J.: 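The structure is given below, and queries will be raised subsequently.
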Protein chains: 2
Amino acid sequence: MPQKTFYNLPDEKRSLIISAAIQEFSKADYNSASINQICRNANIAKGSFYQYFIDKLDLYVYIMTLAIEEKIRFFTSVISEFHSLTLLDQIRLLFLKGIEFAKRHPEYAALGEQFSKGNNETAKSSVIKEGDKLSESLFMQMIQDAKTKGEIDSSVDSFALSLLLQSLNSAVNNYMLNKFGSISYEHNAEDVNSFVDSLLNIIFHGIQNRNEKI
Amino acid sequence: MPQKTFYNLPDEKRSLIISAAIQEFSKADYNSASINQICRNANIAKGSFYQYFIDKLDLYVYIMTLAIEEKIRFFTSVISEFHSLTLLDQIRLLFLKGIEFAKRHPEYAALGEQFSKGNNETAKSSVIKEGDKLSESLFMQMIQDAKTKGEIDSSVDSFALSLLLQSLNSAVNNYMLNKFGSISYEHNAEDVNSFVDSLLNIIFHGIQNRNEKI
DNA sequence: TAACAATATGACCGGGTGGTCACTTATATT
DNA sequence: AATATAAGTGACCACCCGGTCATATTGTTA
């Protein structure tokens, strides 16, 4: 975590450093990201940087914490509405909100992508993946609730379904890569929304032809 | 592609260089991988390396081509059996063979992981992703066939299903990460196999409780 | 054996990195 | 005005990188 000197900085300068760091860490993974570049973009001397942060890892953990906090803040309001929704609508809402978050904070979304690309184990384990843990246990709880309510077949493997739902993100990303050439949430959302619905339709109703029961 | 000098090399030395390169490119993505390290591990001088290959990219494309060729060779035999199988069995076979391939050639599997992590666009576009293109069109064709045969519901979005199936790989990887702490195909395959079956069960039969038709 | 071509070598180049530190400058307190 | 404390600076360190090139070694032909 940053030194007190960092918090003593005028707001403008502090946020300039933060946004320069976010920019760098969302373009390159931890190892490739450059402190020199961050200093250049933030117009501070290298020596100053090391008066604000202990080292590169210190900055990285700080930046990732900011992003995770922002994401949790964004999602907590959604989850509070869950009790009145079916599992299908819960999942759909989660996806749409996820896309909305990435649209509103593309830097944070890119930060997450680079995080998962990183090969530096020290850096990875230093970032508490609260977000992931939260989303996993969230899915599991949603599934259990839906089973209790009789919404979904109780014979379904909850853990498998949970991981399947988590991996849908990569399906959506692949869809955009295929359609737009890059992972971008700027395009018409209609398209992506209907793709999400197609995915959820498959998962809820299955693909097997029921008329062909032999 | 390598210079003729590379092919003039004694077999032993040539394969030593190849395996040193595979080792390096499966540990780090293109940018982070080090030519110096490869030379050290292969016991050749830096100058020698640049007599065999034009540059780093030349080596990378060569190594990736080897891996892709090996993978295609591994899968073509499987695909030839497809005509006699249902879609469910085709997909299951594809997954099991995929796991078997990664088990038999863990270096190649790691090579693919690092490839998808890489940020260097030049390096990425220089590697013709024949494998990916092949698997995508393969899935699409399998789905179309199954629809024609009446195996699966014709109202299912083929493209969405295709991307969903492709993304199942990440679900399997997450499963192993969750269960074993790392992506490793060395462990008991029983476990992974039954996880794959759980996933396929969801996709074929859906999760919605059919008794609860209101 | 002499001459020629092919190959092997590692010091070297320019440029990058994360991190340090003696020093300067600004601010606050006496 | 004098002092003490905090903050800012950039040259510098050791180490890495991908790539070059003059030179040395080897192999082959005449």
Side-chain angles (χ1 to χ4, degrees), chain A residues 1-18 20-21 23-25 27-64 114 118-124 126, chain B residues 1-18 20-21 23-25 27-64 114 118-124 126:
Chain A
M1 286 295 115
Q3 315 283 53
K4 47 199 164 300
T5 55
F6 182 66
Y7 295 106
N8 292 342
L9 250 38
D11 286 16
E12 201 188 342
K13 194 170 185 177
R14 204 170 57 239
S15 66
L16 185 62
I17 294 172
I18 290 175
Q23 198 191 326
E24 184 68 10
F25 284 122
K27 274 184 187 162
D29 69 292
Y30 178 77
N31 279 333
S32 302
S34 159
I35 298 291
N36 287 313
Q37 193 59 48
I38 292 171
C39 291
R40 247 171 267 142
N41 287 344
N43 282 316
I44 59 167
K46 187 98 148 281
S48 299
F49 174 84
Y50 282 94
Q51 221 141 12
Y52 308 146
F53 298 94
I54 296 169
D55 55 19
K56 192 183 187 179
L57 186 58
D58 189 30
L59 170 66
Y60 187 62
V61 171
Y62 174 65
I63 294 296
M64 291 304 287
Q114 291 296 344
N119 279 318
N120 188 316
E121 293 308 318
T122 314
K124 282 209 165 191
S126 296
Chain B
M1 285 295 114
Q3 314 283 52
K4 47 201 166 299
T5 55
F6 182 66
Y7 296 106
N8 292 343
L9 250 38
D11 286 16
E12 201 188 341
K13 194 170 183 177
R14 203 171 57 241
S15 66
L16 185 62
I17 293 173
I18 290 175
Q23 199 190 324
E24 183 68 10
F25 283 122
K27 275 184 187 163
D29 69 292
Y30 178 76
N31 279 333
S32 302
S34 158
I35 299 291
N36 288 312
Q37 193 59 48
I38 292 171
C39 291
R40 247 170 267 143
N41 287 344
N43 280 317
I44 58 167
K46 187 100 144 280
S48 298
F49 174 85
Y50 282 94
Q51 222 141 12
Y52 308 145
F53 298 93
I54 296 170
D55 54 18
K56 192 184 187 178
L57 185 59
D58 190 30
L59 169 67
Y60 187 63
V61 171
Y62 174 65
I63 293 295
M64 291 304 288
Q114 291 296 344
N119 279 317
N120 189 317
E121 293 307 319
T122 314
K124 282 209 165 191
S126 296

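Chain letters run A, B, ... following the sequence lines, proteins first, then strands; residues in each count from 1. Source: prediction; values computed, not measured.
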J.: Starting at atom CD1 of A:I17, determine the distance to atom C1' of D:dA7, rounded to an integer number of angstrom.
T.: 12 Å
J.: In B/S/- notation, 5' to 3', how is nucleotides 9-15 of chain C contacted by protein heavy atoms closer than 4.0 Å?
T.: BB-----
J.: Evaluate A:Y52 against A:K13 for side-chain contact (heavy atoms from CB on, under 4.5 Å), listing each step before the verdict.
T.: CA-CA 12 Å; A:Y52 308 146; A:K13 194 170 185 177; 4.1 Å; yes
J.: Among residues 31-40 of chain B, which residues get a heavy atom nearer than 4.0 Å to DNA chain D?
T.: B:A33, B:S34, B:I35, B:N36, B:R40
J.: What nucleic acid atoms does B:L9 come within less than 4.0 Å of, heavy atoms only: base, sugar-phosphate, or nothing?
T.: sugar-phosphate
J.: Phosphate oxygens OP1/OP2 of D:dA7: is one of them under 4.0 Å from a side-chain N or O of A:N8?
T.: yes
J.: Does one side chain, of B:D29 or B:S32, offer a donor that lies under 3.5 Å from an acceptor on the other?
T.: yes
J.: Could you tell me how the ring of A:F6 sits relative to the ring of A:F53: parallel (under 30°), tilted (30 to 60°) or perpendicular (over 60°)?
T.: tilted
J.: List in chain and number order the residues that pass side chain to side chain donor-acceptor pair (under 3.5 Å) with A:N120, two or more places apart in sequence or in another chain; answer none if no residue qualifies.
T.: A:N31
J.: Between B:N119 and A:A28, which heavy-atom pair has the shortest distance, and what is it?
T.: ND2-CA, 4.1 Å
J.: Quick one: side chain to side chain donor-acceptor pair (under 3.5 Å) partners of A:Q23, sequence neighbours excluded?
T.: none
J.: Check the pair B:Q3 / B:D58 against side chain to side chain donor-acceptor pair (under 3.5 Å), numbers first and verdict last.
T.: CA-CA 10 Å; B:Q3 314 283 52; B:D58 190 30; over 6 Å; no
J.: What is the distance, rounded to the nearest whole Å, between atom CZ of B:F53 and atom C1' of D:dG18?
T.: 15 Å
J.: Could you tell me the separation between the CD atom of A:E24 and the C1' atom of C:dT17, rounded to a whole number of Å?
T.: 12 Å
J.: How many whole angstroms separate atom CG of B:D55 from atom C1' of D:dC17?
T.: 14 Å
J.: Any side-chain N or O of A:Y50 below 4.0 angstrom from OP1/OP2 of C:dG19?
T.: yes
J.: Just to verify, what does B:R14 make a salt bridge (charged side-chain N to carboxylate O under 4.0 Å, His left out) with, not counting sequence neighbours?
T.: B:D11
J.: May I have the distance from A:K4 (atom NZ) to D:dG8 (atom C1'), rounded to whole angstrom?
T.: 16 Å
J.: May I have the distance from A:Y30 (atom OH) to C:dT17 (atom C1'), rounded to whole angstrom?
T.: 12 Å
J.: Tell me the salt bridge (Lys or Arg N to Asp or Glu O under 4.0 Å) pairs involving residues 36-56 of chain B, sequence neighbours left out?
T.: none
J.: Tell me: CD1 of A:I54 to C1' of C:dG18, nearest whole Å?
T.: 15 Å
